Amino acid sequence: MNILVLGGGGREHAITWALKKSPSVDELYVAPGNGGTALIAQNASGLDAEDGRAVLDFAQSHGVDLVVIGPEAPLVAGVADVLRAAGVAVFGPDAQGAQLEGSKTFCKEFMMRNGLPTAEYLSTDDEQAAHDYIDAKGAPIVVKADGLAAGKGVVVAATVEEAHRAVSSCFEGAFGDAGRTVVVEECLTGPECSMLAFVSAGKAYCMAPSQDHKRAYDGDEGPNTGGMGAYSPVPIVSDDELAAMERIMADAAAATASEFDNDYRGVLYGGFMLTPQGPKLLEYNARFGDPETQVVLPRLQSDLAQVMLAVAEGRPDDVKLDWADKWAVTVVLASQGYPGSYEKGKVITGIDDAEALGDVMVFHAGTKVDDRGDLVTSGGRVLNVTALGSTFQEARDLAYAACELIDFEGKQNRSDIGYRALAAL
Ligand code: AMP
Ligand code: GLY
């Protein structure tokens, strides 16, 4: 079969890499793709992944049998709806299902209706009501812009003053339309854990739990980023917590079938906090996590193309998941200055040497091949260096050894990915 993957980050390189291993895949296209996907697939860099009509034209003219949607923006924009209406199989929910990620209010109401544990909250488009709620509840408290804000719309406020400022900034338009409604919620405590599940026809097939590292610097200091590293599985998760998260994902999948107009077919990503009262949901996303995918998919031994096709065609009973009995760690190599401003166009060396270590996969996030044929940096997060090992320590040591072999001017990375797992083991 021919497959088109939409997106161009490390997640999409990992998805494309896993699809490439499938004997049932003929042509693989990625739009827009990056310097890494160009090595294993055909980049359709001129195709606008958020334009449903253009994606449909491409799919029809290239004999595409399955479209896999990586990022949230095309999902929320309804690209899956356009493709499905024309009879093209799609991995990724339609616009209504994607509202679980596109609107925090929609998501919270979904959780409340279905008894899915989450933080107490107020959703409002009335600025004064938000300020009053903060005064009534006190700090710490969390303020979120309702809509998509590229991961920047959440403030965990330590003081009521900070919370009031966050509300004012939303209503002053810091996030445009995404901040016209705010969610103010109870601050939960505990380690975070991501649980990704394949969902189709109301059934959930959970992948192994993983843990992201969102802050820029060691010790979880510094500004929030798109994610600086991840590992899977997560040893701090107890059997009871794992069972609770799996039950919550199954209940949510069943609710998508009973509530939504169309079947939810894709990944549902539960962002959990392991609180003293048990796992509670911080959010749902309508897609694979980035960089969680870069540690989850390398452990998958099943044929991803067949899994995705079964999900896309509403055949959940055909989803078979086998996992390698290995640990996976990924370390993000970023450009100096990220998540603030940074320079691009730095020549990257050493990827082949890193991969020659064995059990190392270097997924590209922000790279491209320049006019001179050199692989250069083109984004804030540049590479995701993933390693597998039979112990956590082995995977982590291998990932960091591989990072040492790769170089570009201004390379920065966290040196403590997986520190919670290390402490627990
Ligand atoms: P989100 O964009 O919803 O994933 O939120 C970004 C980050 O903010 C999460 O990964 C958490 O670290 C933090 N966060 C979100 N909601 C809460 C909450 N209710 N309590 C504590 N921290 C939160
Ligand atoms: N790793 C966080 C996310 O994908 O939203």
Side-chain angles (χ1 to χ4, degrees), residues 7 9-12 14-15 70-73 75-76 98 100-108 111 116-123 133-134 137 139-158 162-163 166 170 175 178-179 182-196 207 209-216 220-232 234 266-277 279-297 330 332 339 363 365 381 384 417 420:
R11 166 182 52 208
E12 287 75 25
I15 291 170
E72 60 277 16
L75 293 168
V76 171
L100 285 175
E101 175 161 4
S103 164
K104 297 201 188 290
T105 302
F106 181 95
C107 187
K108 293 294 276 191
M111 292 172 187
L116 306 169
T118 187
E120 223 186 88
Y121 76 106
L122 171 78
S123 163
Y133 187 80
I134 291 167
K137 296 289 176 182
I141 194 159
V142 182
V143 177
K144 303 182 173 186
D146 180 75
L148 290 184
K152 299 193 177 78
V154 176
V155 172
V156 181
E162 194 185 344
C170 272
F175 305 107
V182 299
V183 169
V184 184
E185 72 178 23
E186 172 197 6
C187 188
L188 301 176
T189 53
E192 289 179 48
C193 181
S194 306
M195 183 62 111
L196 280 54
M207 299 175 229
S210 52
Q211 192 174 61
D212 188 7
H213 299 61
K214 291 206 168 104
R215 300 298 191 109
D220 291 326
E221 302 282 342
N224 257 315
T225 70
M228 295 300 289
Y231 62 94
S232 176
V234 184
V267 167
L268 184 63
Y269 165 138
F272 286 92
M273 197 162 254
L274 306 176
T275 77
Q277 294 81 42
K280 290 191 183 181
L281 287 160
L282 296 178
E283 59 171 350
Y284 273 126
N285 293 322
R287 49 163 178 87
F288 276 104
D290 190 346
E292 288 93 330
T293 306
Q294 292 87 305
V295 285
V296 170
L297 289 186
T330 195
V332 171
F363 297 119
R381 290 189 293 175
N384 308 141
I417 298 304
R420 283 192 194 81

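Counting starts at 1 for both ligands and their atoms, in listed order. Computed from a predicted model, the values in this text were never measured in an experiment.
Taking each of Val184, Asp212, Thr189, Val142 in turn, the one with a heavy atom nearest to atom 18 (C) of ligand 1 proves to be Val142. For atom 15 (C) of ligand 1, the choice among Lys214, Glu283, Lys144, Met273 with the nearest heavy atom turns out to be Lys144. Remark: among candidates Asn285, Asn224, Leu282, the nearest residue to atom 17 (C) of ligand 1 is Leu282, based on non-hydrogen atoms.
Some N or O of Leu188 is nearer than 3.5 Å to an N or O of ligand 1, by distance alone.
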Counting only pairs under 3.5 Å, give me each side-chain donor-acceptor contact of residues 116-123, with atom names and distances, residues two or more places apart or in other chains.
residue: Thr118; atom: OG1; partner: Lys108; partner atom: NZ; Å: 2.9
residue: Thr118; atom: OG1; partner: Leu281; partner atom: O; Å: 2.7
residue: Glu120; atom: OE1; partner: Lys137; partner atom: NZ; Å: 2.9
residue: Ser123; atom: OG; partner: Thr105; partner atom: OG1; Å: 2.8

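Put simply, CD on Glu12 and OG1 on Thr293 are 8.0 Å apart, with the number rounded to the nearest 0.5 Å. One finds the CG atom of Asp220 at 5.0 Å from the CZ atom of Arg420 (value rounded to the nearest 0.5 Å). Rounded to the nearest 0.5 angstrom, Tyr284 OH and Met195 CE are separated by 10.5 Å. In this structure, CG in Asp290 is found 9.5 Å from CD in Glu72, a value given to the nearest 0.5 Å.
Looking from atom 13 (C) of ligand 1 to the surrounding protein, the closest heavy atom is Val156 CG2, 3.8 Å. Of all protein heavy atoms, the one lying nearest to atom 5 (O) of ligand 1 is Val154 CG2, 3.6 Å.
By the side chain to side chain contact (heavy atoms under 4.5 Å, CB included) test, Ala166 pairs with Val143, Val155, sequence neighbours left out. Partners of Leu274 according to the side chain to side chain contact (heavy atoms under 4.5 Å, CB included) rule, which considers only residues two or more places apart in sequence or in another chain, are Pro191, Cys193, Val237, Glu241, Met245, Pro279.
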Provide, line by line, the atom pairs where ligand 2 and the protein bring an N/O atom each to a distance under 3.5 Å; else say none.
residue: ligand 2; atom: 1 (N); partner: Asp212; partner atom: OD2; Å: 2.8
residue: ligand 2; atom: 1 (N); partner: Asp290; partner atom: O; Å: 3.0
residue: ligand 2; atom: 1 (N); partner: Glu292; partner atom: OE1; Å: 2.7
residue: ligand 2; atom: 1 (N); partner: Glu292; partner atom: OE2; Å: 3.2
residue: ligand 2; atom: 4 (O); partner: Arg287; partner atom: NH1; Å: 3.0
residue: ligand 2; atom: 4 (O); partner: Asp290; partner atom: N; Å: 3.0
residue: ligand 2; atom: 5 (O); partner: Asn285; partner atom: ND2; Å: 3.4
residue: ligand 2; atom: 5 (O); partner: Arg287; partner atom: NH2; Å: 2.9

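Side-chain atoms of Arg287 never come within 3.5 Å of backbone atoms of Pro71 as a donor-acceptor pair (strictly under, hydrogens ignored).
Between Val234 and Ser194 the shortest side-chain heavy-atom distance does not fall below 4.5 Å.
Close approach to Glu192 involves these atoms of ligand 1, each under 4.0 Å from a residue heavy atom: 9 (C), 10 (O), 11 (C), 12 (O). Residue Glu185 has at least one heavy-atom neighbour below 4.0 Å for each of these atoms of ligand 1: 16 (N), 17 (C), 18 (C), 19 (N). Heavy-atom proximity to Glu186, at under 4.0 Å, picks out these atoms of ligand 1: 18 (C), 19 (N), 20 (N).
Not a single heavy atom of Gly271 sits under 4.0 Å from any atom of ligand 1.
The nearest pair of heavy atoms linking Arg11 to Phe288 is NH1-O, 2.9 Å. Closest heavy-atom contact between Glu292 and Ser210: CG-OG, 3.2 Å.
Contact annotation: for Lys104 versus ligand 1, heavy atoms closer than 4.0 Å belong to the side chain alone.
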